[in-house]
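Data first, discussion second: the structure below is written as structure tokens.
Everything numeric in this text was worked out from a predicted model, so none of it was measured. Numbers here are sequence positions counted from 1. What's counted below: heavy atoms across the whole structure, side chains too, no hydrogens, waters or symmetry copies.
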Amino acid sequence: MNNALYEFNPWLNWLAVLGIAVVCLVAVFWFFRSATVPVRGKRGALLLALRLATLLLMLFISTRFTVAHIRTVQKRTPLLIAIDASRSMKLVSSKEEGTRWRQALDFLDEHSDRFDRLEESFEVEWVAFDGSVRPFSPDIQPTGYRTALGDVLSNWRARLAPGSAGAALVISDGMNNYGVDLLEVAGELRLDRRPVFAIGVGKRKDSLSRTDASVEDIKLPSNVTSDMKFIVEGFLKLQGLAGAVVPVELFVDGKKIATREIVPSAFNATAKVEFEVEPYDSGNHLVELVVPPVEEESTDANNRIASFIKIGEGTGSILYVESRLRHEYTFVKRALSGLSGVGFYTTILRQTGMDKPADPEAFFRAYDMVILGDVPAKLLGAKALEAGR
């Protein structure tokens with residue numbers, strides 16, 4: 001919508017402007033009549049008209065007349081409509097109602113006219129979410145292994161201009177099990193005065209008695225070589241399993257190699273589990289943490305997590321031999337101790353022979369590399385030197 005605003009803002013008040021105008025008009029006529037060389041006829045009339053026009057123009061300018069064009073733009077409020085597309089939406093509430101996903105689609109279809117009217121006043125963004133966010137379409141299937149409801153709202157909030165209005169509508173079964181804390185995000189949106197409306201699908205009693213074992217994360221070390229053991233760390237979220245024995249299985253390249261058992265002490269519990277893995281050949285290996293489905297678990301879609309570990313070639317062990325502590329000993333040790341995957345060992349062979357190994361030949365053969373410092377040959381013998389090549 002466009003509007004024009006006309007405004008006078010004289011540099012003095014209107015009474016002063018009118019007074020000056022009267023004085024100027026009298027002066028124009030007075031000086032015109034008392035001119036040294038009177039001008040008569042058409043030329044006189046023209047001259048008088050020009051003077052009056054100039055005077056009126058100056059007076060008009062002094063009123064500081066302005067014209068402002070006002071354009072009114074109606075900006076629609078952002079509205080996020082997020083529909084849960086995780087695998088828990090495939091659960092069947094009853095034979096009559098069908099799956100939770102079917103309930104959500106039926107609700108959208110039943111109130112389609114209301115959603116159409118929302119487009120008139122709101123800038124509506126339709127999304128489907130699980131562990132990620134994608135545009136919503138009724139044709140998609142709920143296949144996600146995560147329900148990151150907190151992430152959806154947090155990312156949407158970050159895209160809004162500070163201080164701007166906004167609202168969100170979430171259609172979900174409420175089984176949030178991944179990402180940022182939903183209550184924390186809800187608190188931030190409340191401070192922003194951006195309301196969040198929720199429409200639940202599924203039976204309420206299901207959510208109150210929910211049992212779920214979720215593998216949230218897996219951590220693998222870096223710089224692992226084929227001659228090193230390594231630690232696999234797993235992080236779990238356990239709900240409704242207080243006092244139960246929950247097994248956690250470790251698979252490497254599809255083969256189960258270890259099992260740990262966890263006993264949660266609270267209804268909502270988090271747990272960390274560690275596995276020590278024997279050395280593996282170099283290359284990429286698939287590492288999986290799996291919690292077997294527990295009795296009456298609401299969903300087993302989040303019971304497994306996998307990642308790859310890259311194992312490099314091992315470099316073996318190094319022995320550094322000296323007969324006394326020297327400056328070179330310090331620098332060699334510092335340089336070799338920092339090598340990844342290298343077992344570095346040192347020994348001092350003194351002249352007394354007290355530290356001399358009983359079987360030097362076998363002693364040296366136990367290492368892949370031997371570095372000799374300032375060591376007299378008589379402390380080792382010919383066979384030991386030959387073995388240490």
Side-chain angles (χ1 to χ4, degrees), residues 1 72-161 163-180 182-183 185-190 192-208 210 212 298-299 301-302:
M1 175 183 287
T72 304
V73 179
Q74 183 179 5
K75 186 176 181 180
R76 295 181 298 173
T77 301
L79 172 62
L80 176 73
I81 300 180
I83 295 91
D84 189 348
S86 62
R87 293 186 64 179
S88 64
M89 295 289 284
K90 287 185 175 181
L91 296 177
V92 178
S93 298
S94 66
K95 293 182 179 180
E96 296 77 17
E97 296 175 338
T99 65
R100 297 173 179 178
W101 180 254
R102 185 70 263 164
Q103 292 180 51
L105 296 182
D106 290 344
F107 176 83
L108 295 177
D109 185 61
E110 180 181 354
H111 299 280
S112 59
D113 55 337
R114 296 186 177 184
F115 286 105
D116 290 339
R117 288 199 298 271
L118 287 176
E119 301 279 355
E120 300 173 2
S121 304
F122 294 88
E123 184 180 346
V124 181
E125 178 184 3
W126 292 81
V127 300
F129 70 93
D130 38 51
S132 59
V133 180
R134 59 188 184 276
F136 170 74
S137 169
D139 298 328
I140 66 175
Q141 293 297 319
T143 57
Y145 287 89
R146 299 282 185 254
T147 306
L149 181 53
D151 286 355
V152 176
L153 296 176
S154 179
N155 294 335
W156 170 71
R157 176 178 180 266
R159 289 189 282 114
L160 297 178
S164 64
L169 172 64
V170 178
I171 302 176
S172 172
D173 57 10
M175 301 178 70
N176 185 70
N177 57 17
Y178 186 74
V180 301
L182 178 58
L183 294 180
V185 178
E188 294 173 346
L189 290 169
R190 181 179 181 182
D192 296 340
R193 296 187 177 181
R194 294 165 177 158
V196 178
F197 304 94
I199 297 175
V201 292
K203 293 183 179 179
R204 179 174 175 80
K205 65 179 183 180
D206 291 342
S207 61
L208 291 176
R210 177 186 173 198
D212 185 46
S298 56
T299 176
N302 51 14

Contact check, side chains of [X] and [Y], non-hydrogen atoms, under 4.5 Å:
| X | Y | value |
| --- | --- | --- |
| Leu153 | Leu182 | yes |
| Asp130 | Ser132 | yes |
| Asn155 | Phe129 | no |
| Phe115 | Ile81 | yes |
| Val201 | Trp101 | no |
| Pro138 | Leu108 | no |
| Phe107 | Ile171 | yes |

Quick check: closest heavy atoms across [X] and [Y], and the distance to 0.1 Å?
| X | Y | answer |
| --- | --- | --- |
| Ala85 | Arg134 | CB-NH2, 3.7 Å |
| Met89 | Ala104 | CE-CB, 4.2 Å |
| Asp84 | Ser172 | OD2-OG, 2.9 Å |
| Leu79 | Leu169 | CD1-N, 4.4 Å |

task = Give a yes or no on whether the backbone of Glu119 and the side-chain of Arg76 come within a donor-acceptor separation of less than 3.5 Å.
result = yes
